[in-house]
Number of protein chains: 4
Amino acid sequence: MLNRVILIGRLTRDPELRYTPAGVAVTQFTIAVDRPFTSQGGEREADFIPVVTWRQLAETCANYLRKGRLTAVEGRIQVRNYENNEGKRVYVTEVIADNVRFLESPKSDGGSSRDESSSYGGGSNGGGNSGGGNRPEPSYGGGGGGNRGGGQAPRGGGSNSQDPFSDDGRPIDISDDDLPF
Amino acid sequence: MLNRVILIGRLTRDPELRYTPAGVAVTQFTIAVDRPFTSQGGEREADFIPVVTWRQLAETCANYLRKGRLTAVEGRIQVRNYENNEGKRVYVTEVIADNVRFLESPKSDGGSSRDESSSYGGGSNGGGNSGGGNRPEPSYGGGGGGNRGGGQAPRGGGSNSQDPFSDDGRPIDISDDDLPF
Amino acid sequence: MLNRVILIGRLTRDPELRYTPAGVAVTQFTIAVDRPFTSQGGEREADFIPVVTWRQLAETCANYLRKGRLTAVEGRIQVRNYENNEGKRVYVTEVIADNVRFLESPKSDGGSSRDESSSYGGGSNGGGNSGGGNRPEPSYGGGGGGNRGGGQAPRGGGSNSQDPFSDDGRPIDISDDDLPF
Amino acid sequence: MLNRVILIGRLTRDPELRYTPAGVAVTQFTIAVDRPFTSQGGEREADFIPVVTWRQLAETCANYLRKGRLTAVEGRIQVRNYENNEGKRVYVTEVIADNVRFLESPKSDGGSSRDESSSYGGGSNGGGNSGGGNRPEPSYGGGGGGNRGGGQAPRGGGSNSQDPFSDDGRPIDISDDDLPF
DNA sequence: TTTT
DNA sequence: TTTT
């Protein structure tokens with residue numbers, strides 16, 4: 001009846017934008033959220049939490065988020081399941097985001113995104129607010145918005161039995177005929 | 001850096017209380033949270049979200065929560081992983097709760113409460129931890145409290161490579177020598 | 001950039017439904033939320049938090065919420081201000097709800113709302129989902145939904161300088177020419 | 001029974017640290033949170049939300065937060081009231097924070113960081129609580145932690161009937177010798 | 001002005 | 001009285 005999640009953490013990789021066969025944008029990324037305590041060995045551990053965004057928000061995320069960027073995510077927990085190729089049911093837990101806030105401006109202007117991401121807050125921060133190469137930046141430095149009560153994993157017409165995110169690379173094999181948003 | 005979850009839903013089963021070898025109480029249950037929209041076929045689906053509580057809160061939950069009961073859970077998302085017996089890494093996502101609120105009072109167990117038991121195919125609470133009726137109830141009808149910034153899955157001294165919740169039945173195979181709380 | 005509130009508590013009074021001059025429904029109520037600790041004297045205190053809902057959600061709340069009812073509210077904090085009749089600026093903090101969940105069914109069917117609130121989980125639960133007297137009930141026993149990113153206090157065309165909730169009784173003195181939702 | 005708030009916004013001023021007569025640290029600040037929509041006139045408005053922190057967290061906030069800094073706040077809504085000097089009851093709504101995250105590092109104020117200083121009219125934080133430059137910074141760029149279920153208005157020995165923030169006055173006398181990180 |  |  002109520003399902004709300006708020007996370008602040010850093011992207012572990014650049015986001016992945018795909019399109020469903022019907023052309024709906026889906027972006028997937030993982031954010032690392034440090035745990036509020038240290039482990040036995042005194043190390044700070046993190047939880048790596050998969051996030052999914054849909055439609056307009058998916059495209060904004062794909063455009064503006066990059067590996068290492070500090071990000072706030074608001075959404076709900078979704079648990080979907082599918083049968084893998086060994087006939088075993090696999091459960092996948094993701095945060096379906098309806099609001100994403102970019103807490104860091106890109107700043108870098110010189111390098112590739114590899115450069116940027118390898119630094120993790122370090123690296124050359126030089127050069128004002130100017131843009132990272134070829135992408136437009138949101139005026140506010142914030143972003144997000146979204147389709148609340150809406151965003152969700154599309155349920156395949158016939159087969160829900162495949163992980164839409166398992167076959168990286170090409171258009172995902174899901175149907176989106178009647179997405180409820 | 002920030003990781004907060006709030007859920008309201010109903011227990012899919014009676015909670016399971018166990019103890020680590022060092023005697024720390026752990027309770028696991030799953031709550032079903034209806035999605036805020038209907039599926040293609042017009043059915044209302046739900047997410048089944050695993051919840052873990054520790055220590056005092058674990059014992060309170062084991063005492064007062066029952067299958068079908070409407071419950072609010074506050075906590076954080078934790079993603080742990082272990083290697084299964086086929087040598088494959090398995091990821092488990094759970095909500096580590098630090099606050100649980102009992103939104104329904106037990107009402108009686110003798111008979112009249114048809115209404116109550118009809119939710120969730122209820123009825124026989126047989127086996128396991130159950131045994132309705134013989135437990136004290138919290139005066140307020142609420143519950144919870146907890147160890148924030150604390151609760152977490154204990155990380156085994158030597159082997160983290162086993163799902164502590166996979167072998168239902170006997171004392172779980174985890175070490176808790178230095179639980180950080 | 002992010003503003004989210006989740007509350008569970010009980011209505012201190014029946015909700016008040018009004019309409020703006022342009023016919024937009026607004027419902028105001030206060031929920032009492034017990035504090036997670038006791039006061040000096042060992043008494044359990046509560047915060048009394050004003051909640052505002054708009055449009056469809058306002059009407060649903062007016063129809064189904066009653067004094068004493070346990071309720072979950074999701075929304076954002078809004079601080080508005082106006083100048084009172086002594087020329088002094090007054091600040092009003094409210095939760096603008098976009099999701100409200102009814103955690104208790106009405107149950108009573110005979111009596112007044114006084115009767116209702118005194119029962120508290122008691123009373124006859126008989127007869128499935130059947131309705132409390134003269135009002136339709138939501139099928140699920142839940143309710144809510146709403147206009148996220150939307151709901152907000154309408155800002156008066158000319159004068160924002162009056163508390164829209166101060167003169168109980170008749171149509172509120174606010175303009176809603178271009179409510180952004 | 002449940003009361004949780006999460007905010008991300010910017011400090012409108014430097015935080016104010018004080019001590020209760022019994023020596024408990026209290027820090028107050030306001031964060032501006034942009035609304036998720038624009039007003040009639042197309043302007044982006046904000047809510048200005050007062051935040052209170054206690055004890056260790058108060059001192060950390062006083063040490064590391066500054067006007068303009070992007071900050072995440074987690075806590076609960078508290079509504080207190082007192083009688084003002086005209087004998088009228090005044091209601092004050094604040095967020096009592098138990099977790100504060102510093103989303104922007106100070107970066108330095110000495111020289112190189114053009115980028116940084118240009119964004120906030122940086123540099124001289126003149127007067128008040130400031131003292132730029134001479135404080136250690138948290139290694140992670142994050143901060144916070146706190147006393148959950150704890151943070152609360154200290155209950156004065158005799159009179160609770162006074163606004164602890166009413167006697168604004170002069171610079172406060174704090175030490176930061178033993179920062180917790 | 002407050003709910004249970 | 002407000003931040004960017």
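Each chain gets a letter, A, B and so on, in the order its sequence line appears, and its residues count up from 1.
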- Checking all strands, does Tyr91(C) fall into the base, sugar-phosphate, or nothing category for heavy-atom contacts under 4.0 angstrom? base

- Task: Round to a whole Å and report the spacing from CD1 of Ile77(C) to C1' of dT2(F).
- Result: 17 Å

- Query: In chain order, what residues pass the side-chain contact (heavy atoms from CB on, under 4.5 Å) check against Val90(D), with sequence neighbours excluded?
  - Reply: Tyr82(D), Asn84(D), Val92(D)

- Query: Among the nucleotides dT3(F), dT2(E), dT4(E), which one has an atom lying closest to any side-chain atom of Arg10(D)?
  - Reply: dT3(F)

- Between Arg4(C) and Glu74(A), is there a side-chain N and carboxylate O pair less than 4.0 Å apart? yes

- Message: For the backbone of Met1(D) and the side chain of Arg101(B), can you confirm whether one donor and one acceptor N or O come within less than 3.5 Å of each other?
- Response: yes

- How long is the line joining CD of Glu16(D) and P of dT2(F), in whole Å? 15 Å

- Task: Please state how far atom CG in Leu65(C) lies from atom C1' in dT2(E), giving the value in whole angstrom units.
- Result: 16 Å

- Quick one: list whatever passes salt bridge (charged side-chain N to carboxylate O under 4.0 Å, His left out) with Arg13(D), sequence neighbours left out. none

- Ile49(C) CD1 to dT1(E) P, straight-line distance once rounded to whole Å: 17 Å

- Rounded off to whole Å, could you give me the CD-to-C1' distance for the Glu104(C) and dT4(E) pair? 9 Å

- Measure the distance from CE on Met1(C) to P on dT4(F) and round it to the nearest whole Å. 14 Å

- Query: Side chain of Thr12(C): nearest nucleotide among dT3(E), dT2(F), dT4(F)?
  - Reply: dT3(E)

- Rounded to whole Å, CD of Glu45(C) lies from P of dT4(E) at a distance of 18 Å

- Among dT3(F), dT2(E), dT1(F), the one nearest Thr30(C) by side-chain distance: dT2(E)

- Query: Leu7(D) has an atom CG; how far is it from atom P of dT2(F), in whole Å?
  - Reply: 19 Å

